[in-house]
Amino acid sequence: MFNYIKNAFTVTKNNFVLVSQFVLVFLSIEIIGVVILLKAPMNYMVTLIAGIALFMLSVALFSGWLNMIKNAVENHKKDTSDKADIYLLTSHFFPGVSEYFLPNLLLSFVYFILFVVIAIIIFNVLIHVKPALSMNMADIAEIRNTLMNLKQFTPEILTAKMKVFLFWTGLVNAFHWIYMYIMMFSYASEYSKKTFKVFSVIWDTIKFVFKNFAKVLIIFALLSLVYLALSLLSLKLSQNIILNIIGLFLMGFYMTFYVTLVFLFYGEKA
C-alpha cells in the first residue's frame, strides 16, 4: 500500500506540469463560468444551454489532462528516474481530448443519471416507510434561508422540519461518498483498457472495487481525510490572494496525486 502512495507522490512531484495543467483547466472553467453568469441574460433556457456548454468544455479539458496522467504513469513504469519530458507529456493533451471526449461525456452523463435515479429510489422508499420524512420545496427554501441568516447555532432552533432537512443533507452526502468510492476507478478503467462501452466500464469498476475492497477502502479513506483537511485549509487561505493561489496549487497537487494513485493502483491490480 505504501509503495502505491510513494510512487503516486513521485509521479506527481516529477511531473509538476500535471498540477499546473489542472490549475490552468480549473481557472479556465471558473473564469468562463463567471463570464457566462455575468453576461448571459436572466433566462432559464439560456442558462441551461450555457451550463451544458460549460460542462462539455470541462469534460473536454479534463479528458486531455487524464490522458497526460495516464502517460505519466506509463512512463514511470518504464523509467523511474527523476527526469520527466515536459514537452512529450503535454503533447498527449490534445490527442486525449479528441480520443476521450465523447466517451467521457457519455460516461459522465450516465454517472450523473445513475446517481440521481438511485437517490430518487432511496428517497421514495424512505418516504414510503416513514412519511414524516417528506419535505416540499417551500420547506427547503424556508430552512435554507433560516440557516443562511443564522448568526449562532443553538439546539433550540431545531424544528421538526429542520431536523428532517439535516437528516436528508447528511444522507445525501453519505450516499455521495459511497457512490464516489464505488465509481472511483471508472475513468482509470476506461483509459487503461481503451474500452468506450460505458456500462461495461461501470460494471468493471464495481467488480474491481469489491475484489480489492479493503485496500480500496483504505485508499479512499486516506484520500478523503486529506481532501477534508485541504478544504478546511483552503478556507483559511482564501482571505489572502497570494495564500489563495498557494491553496489552489495545493489542491491541484492533491487532485493530481489522487488520480495518479487511482491509475497506478488500477494498472497493477486489474
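In this structure, F115 and H176 have perpendicular ring planes: the angle between them is above 60°, well past the 30° mark.
No donor-acceptor pair closer than 3.5 Å links the side chain of Y181 to the backbone N or O of V216. The closest donor-acceptor contact from the side chain of N104 to the backbone of V59 lies at 3.5 Å or more, if one exists at all. Counting only distance, with no hydrogens or angles, the side chain of S98 and the backbone of P95 share a donor-acceptor pair below 3.5 Å. Side chain of S189 to main chain of F185: no donor-acceptor pair is present (N/O by atom type, distance under 3.5 Å, no hydrogens or angles). Looking at D204, its side chain never comes within 3.5 Å of a backbone N or O of S200 through a donor-acceptor pair. In this structure, N67 contributes its side chain and S63 its backbone to no donor-acceptor pair below 3.5 Å. Formation of a donor-acceptor pair under 3.5 Å by the T205 side chain with backbone atoms of I202 is not found in this model.
You'll find the side chain of F265 reaches within 4.5 Å of the side chain of N212, heavy atoms only. Put simply, the side chain of L54 reaches to within 4.5 Å of the side chain of I29, judged on heavy atoms. Looking at heavy atoms from C-beta onward, L222 lies in side-chain contact with I5 at the 4.5 angstrom threshold. Side-chain contact check for F249 versus F16: some heavy-atom pair is nearer than 4.5 Å. Within the 4.5 Å cutoff, the side chain of Y111 has heavy atoms near those of the M180 side chain. Taking the side chain as every heavy atom from C-beta outward, V110 and L114 approach each other to under 4.5 Å. The side-chain heavy atoms of I118 and F175, taken from C-beta on, include a pair separated by under 4.5 Å. Side-chain contact between F263 and Y266 is absent, with no heavy atoms from C-beta onward closer than 4.5 Å.
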Using side chain to side chain donor-acceptor pair (under 3.5 Å), reason through Y187 and S108 one step at a time and then give a plain yes or no.
CA-CA 9 Å; Y187 292 98; S108 300; 2.7 Å; yes
Does E268 form a side-chain contact (heavy atoms from CB on, under 4.5 Å) with K77? I'd like the steps, not just the answer.
CA-CA 10 Å; E268 289 289 333; K77 290 177 181 178; 4.1 Å; yes
Full working for side-chain contact (heavy atoms from CB on, under 4.5 Å) between V117 and I121
CA-CA 6 Å; V117 169; I121 292 171; 4.0 Å; yes
So W65 and V259, side-chain contact (heavy atoms from CB on, under 4.5 Å) or not? Walk me through it.
CA-CA 10 Å; W65 181 67; V259 178; 3.8 Å; yes
Go through the steps for L27 and L248 under the test side-chain contact (heavy atoms from CB on, under 4.5 Å), then give the verdict.
CA-CA 9 Å; L27 287 176; L248 183 58; 3.6 Å; yes
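Residues L24 and I31 do not share a hydrophobic cluster, clusters being chains of Ile/Leu/Val/Met/Phe/Trp/Tyr side chains in contact below 4.5 Å. Y191 is connected to I69 through a chain of hydrophobic side-chain contacts under 4.5 Å among Ile, Leu, Val, Met, Phe, Trp and Tyr, so both are in one cluster. In terms of hydrophobic clustering, with Ile, Leu, Val, Met, Phe, Trp and Tyr side chains grouped at heavy-atom distances under 4.5 Å, F208 and W203 are assigned to different clusters. Cluster membership for L228 and V172, using ILVMFWY side-chain heavy atoms within less than 4.5 angstrom, is not shared. V11 and Y87 fall into different hydrophobic clusters, where Ile, Leu, Val, Met, Phe, Trp and Tyr side chains are chained together by heavy-atom contacts under 4.5 Å.
Atom CH2 of W177 has more than 12 neighbouring heavy atoms from other residues, nucleotides or ligands inside a 6.0 Å radius. Open room surrounds CZ on F26; 12 or fewer heavy atoms of other groups in view lie less than 6.0 Å from it.
Among all heavy-atom pairs drawn from K269 and K215, the shortest one is NZ-NZ, 3.2 Å. Considering every non-hydrogen atom in both A72 and L18, the closest pair reads CB-CD1, 3.9 Å. Among all heavy-atom pairs drawn from L89 and M68, the shortest one is CD1-O, 3.2 Å. The two residues V17 and T90 come nearest to each other via the heavy atoms CG2-CG2, 3.7 Å. Between V19 and G252, the closest heavy-atom pair is CG1-C, 3.7 Å. Residues F220 and M184 approach most closely at CD1-SD, 3.8 Å, considering heavy atoms.
Taken to the nearest 0.5 Å, the CG atom of L261 stands 14.5 Å off from the NZ atom of K6. To the nearest 0.5 Å, atoms CG (L223) and CE (M255) are separated by 9.5 Å. Here the straight-line distance linking atom NE2 of H76 with atom OG1 of T260 works out to 10.0 Å at 0.5 Å rounding. Between the CG atom of N3 and the OG1 atom of T10 there is a distance of 10.0 Å, given to the nearest 0.5 Å. A distance of 12.0 Å separates CG of N15 from CD of Q21, quoted to the nearest 0.5 Å.
Of the listed residues (F253, Y254, Y4), just one forms a ring-ring contact (aromatic ring centres under 6.0 Å, His included) with F9, and that residue is F253. A side chain to side chain contact (heavy atoms under 4.5 Å, CB included) with L61 is found for one member of F22, F93, F101 and no other, namely F93. Checked against M251 for a side chain to side chain contact (heavy atoms under 4.5 Å, CB included), the options L233, L230, I246, T256 give a single hit: L230.
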